[in-house]
Amino acid sequence: MNGSAGDADLTVGIVGSGVMGAGIAQIAAAAGLEVRLVDAREGAADRAVDEVRARFARLVEKSRMSAEAAEAAGQRLQAAPAVSDLADAQLVIEAIVEDLEVKQALFRELEAVVAADCILATNTSSLSVTAIASVLAQPERMAGFHFFNPVPLMKVVEVIDGVLTEDSTCEQLMQLARRMGHTPVRAADSPGFLINHAGRGLGTEGLRVLEEGIADVVTIDRIMREGAGFRMGPFELFDLTGLDVSHPVMESIYNQFYQDPRYRPSHETRRRLAAGLLGRKSGRGFYDYPQGKQQVPEEPPVPEQLPAQVWISPVVEDGARQVVDLLRRGNVTIDAGERPAGEVLCVVTPVGQDVSSAAVAQGLDARRCVGIDTLFGLQHRRTLMVSPVTSPEYVAQAQALFASDGVPVSVVRDSPGFVAQRVVAMIVNIACEIAQRRIATPGDIDRAVTLGLGYPQGPLAMGDAIGPARVLAILRGLERYYGDPRYRPSGWLTRRAQLGVSLLTTD
Ligand SMILES: NC(=O)c1ccc[n+]([C@@H]2O[C@H](COP(=O)([O-])OP(=O)(O)OC[C@H]3O[C@@H](n4cnc5c(N)ncnc54)[C@H](O)[C@@H]3O)[C@@H](O)[C@H]2O)c1
């Protein structure tokens, strides 16, 4: 690019004036850049310019932009009839149809038009930046510049290094992103880049829990939202995005990693996609949307019969302490014996283990055993887990006991890692693998996921909060139980857990 990213006269060409092109044009013009918008469809670029100017006008009405700034930004944004009108651009961002050959043809055409130091960028979300750049005489000047929808609100952009991209190309895009008010994160050209790669754990592990009949859709979503603090559970998110988008992305990333079981999608979404249960957009998905409003079933009623006595397994010290602290505030008698007496309710607090295994390992009567997940605290929602033989009478007593202070309780079937433990462990493990493969730095992974996916914390910070050794224990428990390499821990996690250091530690 001629001049630095701070120059007011920087001219940016944007090819493709659809959802993304128009969004990028908006933030670029608002940041003081001259923007030329080109689209192959007759009149599309002009309509996009009008639309962006109308958005500026709405921002003025809401006092979020001054009238002068809106006028100036609107003037800086112009439609251009053809790619040949971008000859003086210092940067061209492509946001056309997601098709490798069509994109390659456009870049060939662009390279013949622009100056030798013009940077070329693609907003592709799923194609290889390296493959698109492979048709260029100067592939070193091309990089991915991956924005998210809606561009003005999603304040993060991935700057993607193709195999032949020069460092300075990405550096200039990073500067420009900051000037446009976005946080740039840098990632290597790899399946799903950074954010879509890091987002695999929530959906695929949620589906695995569903497939196995451990819990239903609503329960899994409630646990992930209220128990683990996510803004949305996996199924609400599938419904929002639409399975016509999410299922192909799951398959594509899985196949691009040569069927690595960590990313294995589910037949559940394939069937639902075939049935047209796309989500909000089709009025029916994992939830129903009559008149566009999500219908959520009521919580089941809470039983009333409290247990006479409860015994708490001391095996997992921290979990036992949390349960004892909680129950001491109520009016249940705690059996403090080393072994449970008589017919008391037995509570275990396993990490990466199911209730059946915990009961057998500790020599407890599984009929009276209930597990409670203490990994995310007991304040907002409590997850109880039962073995196949836990008697309904004891399940009801445990429900009554743990809901007696008004905190909602979910009951799930036996699972090594309840629901939240295993879903979060998968999210942390995948983030560790992104760091291990040097796709992005630990800091960028956490920044990207917080901004791009809206998780309560970056996945590496999340792993640190739980404790890397405990995340490792959950994964080892899952791996042992299922014999599935899906759960194999990333080397990044294993070493940091062994050494007792933060998952953000670089080497
Ligand atoms: N929509 C999203 O959520 C999203 C998010 C991130 C990245 N992306 C990526 O951004 C790109 C654009 O996506 P979109 O959602 O804006 O698509 P869109 O369909 O809304 O817009 C694409 C535009 O490109 C134009 N076009 C197609 N071929 C062209 C060509 N050869 N030359 C000039 N114009 C051409 C079309 O007329 C259309 O106006 C895709 O690569 C997509 O994968 C999309």
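Ligands are counted one by one from 1 in listed order, and the atoms in each one are counted from 1 as well.
Contacts of Arg437 classified as salt bridge (Lys or Arg N to Asp or Glu O under 4.0 Å), with partners at least two apart in sequence or in another chain: Asp260, Glu433. Applying the salt bridge (Lys or Arg N to Asp or Glu O under 4.0 Å) criterion to Asp99, with sequence neighbours excluded, gives no partner residue. For Ser266, the side-chain hydrogen bond (donor to acceptor under 3.5 Å, both in side chains) partners two or more places apart in sequence, or in a different chain, are Glu211.
Checked by atom type, the side-chain pair Thr169/Glu140 shows no donor-acceptor distance below 3.5 Å.
A heavy-atom distance below 4.5 Å is not found between the side chains of Thr183 and Val157.
Residue-level contacts of ligand 1 at the 4.0 Å heavy-atom threshold are Val15, Gly16, Gly18, Val19, Met20, Asp39, Ala40, Arg41, Ala95, Ile96, Val97, Glu98, Val102, Lys103, Asn123, Thr124, Ser125, His146, Phe147, Asn149.
Between Arg36 and Asp88 a salt bridge is recorded (basic side-chain N to carboxylate O distance below 4.0 Å).
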